[in-house]
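Encoded as structure tokens, the structure appears first; notes follow it.
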Amino acid sequence: MITVNDYMEALPEDRKIAMQKLREVINANLPGGFDERISYGMIGWVVPHSAYAPGYHCDPKLPLPFLSIASQKNFIAVYHMGIYASKDLLDWFTAEYPKHVKTKLDMGKSCIRFKKPEAIPFGLIGELVSKMTMEDWINLYEKNLKG
């Protein structure tokens with residue numbers, strides 16, 4: 001089974017420094033309780049079953065995913081489920097982004113893409129991940145799930 005360290009070791013040389021810094025920023029700023037592990041083939045931070053026994057509704061055997069980072073073919077990605085689930089957080093992030101980066105925001109529903117590793121706004125990502133606790137995420141997830 002692949003570990004987070006295995007994932008980091010296998011990265012292309014031109015991505016290792018940015019991915020390591022991204023991981024460090026997330027670990028330094030993410031509120032407590034989340035577990036770091038390989039999730040969906042990426043480095044992920046999840047709500048462990050010990051904190052949320054039902055797990056992920058798509059597959060209850062899996063812990064509830066929250067955040068992931070990945071080195072994709074053409075970009076580095078940050079997947080933040082809180083941005084997808086909270087309009088307020090999305091609005092905050094999209095308003096803050098241009099204050100930190102000159103390039104246009106390249107984003108999907110929960111995916112923030114960085115084509116150039118040197119353009120990653122590490123401080124902004126740190127602030128983003130600090131804004132939602134594990135309890136906040138569980139409550140928001142359940143609210144949206146019950147819809």
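Heads up: numbering here begins at 1 and tracks the sequence.
When the shell of 6.0 Å around CG of L62 is examined, it contains more than 12 heavy atoms from other residues, nucleotides or ligands. More than 12 non-hydrogen atoms from other residues, nucleotides or ligands lie less than 6.0 angstrom from OH of Y97. Atom CD of E9 has 12 or fewer heavy atoms from other residues, nucleotides or ligands within 6.0 Å.
Closest heavy-atom contact between A51 and V47: CB-CG1, 4.0 Å. In terms of heavy atoms, M19 sits closest to S71 at CE-N, 3.9 Å. P48 approaches D35 most closely through the heavy-atom pair CB-OD2, 3.3 Å. The two residues P63 and H49 make their nearest non-hydrogen contact at N-CE1, 3.3 Å. Between Y84 and S110, the shortest heavy-atom contact is CB-CB, 3.7 Å. Smallest separation of non-hydrogen atoms from P121 and H100: CB-CB, 3.9 Å.
For the atom pair CG of L22 and CZ of F114, the computed distance is 7.5 Å after rounding to the nearest 0.5 Å. Taking CG of L145 as the reference point, atom OH of Y56 lies at 9.5 Å (rounded to 0.5 Å). Here the CD-CG distance, from E36 to N27, works out to 4.5 Å after rounding to the nearest 0.5 Å. Here the CH2 atom belonging to W45 is positioned 7.5 Å from the OG atom belonging to S68, to the nearest 0.5 angstrom. A distance of 8.5 Å separates CD1 of I38 from CE of M1, quoted to the nearest 0.5 Å. Here the NE2-CD1 distance, from H80 to I26, works out to 8.5 Å after rounding to the nearest 0.5 Å.
Hydrophobic cluster membership differs between I138 and V46, with clusters built from Ile, Leu, Val, Met, Phe, Trp and Tyr side chains linked at under 4.5 angstrom. No chain of hydrophobic side-chain contacts below 4.5 Å, direct or via other Ile, Leu, Val, Met, Phe, Trp or Tyr residues, connects M42 to I17. Both I125 and Y79 are part of a single hydrophobic cluster, where members link through side-chain heavy atoms under 4.5 Å apart. Transitive grouping of hydrophobic side chains (ILVMFWY, heavy atoms separated by less than 4.5 Å) brings Y7 and V25 into a common cluster. Tracing side-chain contacts under 4.5 Å through hydrophobic residues (I, L, V, M, F, W, Y), one reaches F34 starting from L64; they form part of the same cluster.
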side-chain contact (heavy atoms from CB on, under 4.5 Å) assessment of Q20 paired with L11: CA-CA 10 Å; Q20 184 60 40; L11 289 170; over 6 Å; no
Trace of the side-chain contact (heavy atoms from CB on, under 4.5 Å) decision for F93 with K131: CA-CA 11 Å; F93 184 78; K131 290 192 171 287; over 6 Å; no
Residue pair L90, M107: steps toward the side-chain contact (heavy atoms from CB on, under 4.5 Å) verdict: CA-CA 11 Å; L90 174 62; M107 189 172 170; 3.3 Å; yes
Intermediate values then yes/no, ring-ring contact (aromatic ring centres under 6.0 Å, His included), F66 and W137: CA-CA 8 Å; F66 176 61; W137 172 231; 5.5 Å; yes
Candidate pair N29 and E127, rule side-chain contact (heavy atoms from CB on, under 4.5 Å), full reasoning: CA-CA 7 Å; N29 289 280; E127 193 173 348; over 6 Å; no
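In this structure, a donor-acceptor pair under 3.5 Å is present between the side chains of Y52 and E142.
When side chains are defined from C-beta on, I120 counts as touching I76, because their heavy atoms get closer than 4.5 Å. Looking only at side-chain heavy atoms (C-beta outward), N74 and K115 stay at 4.5 Å or farther from each other. Looking only at side-chain heavy atoms (C-beta outward), R23 and V4 come within less than 4.5 Å of each other. A 4.5 Å side-chain heavy-atom check between M81 and L140 finds every atom pair outside the cut-off.
A donor-acceptor pair under 3.5 Å is formed between the side chain of R15 and the backbone N or O of F75. Side-chain N or O atoms of T94 include one that pairs as donor or acceptor with a backbone N or O of D91 at under 3.5 Å. Between the side chain of N144 and the backbone N or O of A85, at least one donor-acceptor pair lies under 3.5 Å. The main-chain N or O of T133 is found under 3.5 Å from a side-chain atom of D136 such that the two form a donor-acceptor pair.
Between E24 and K21, none of the side-chain N atoms (NZ, or NE/NH1/NH2) sits under 4.0 Å from a carboxylate O, so this pair counts as no salt bridge.
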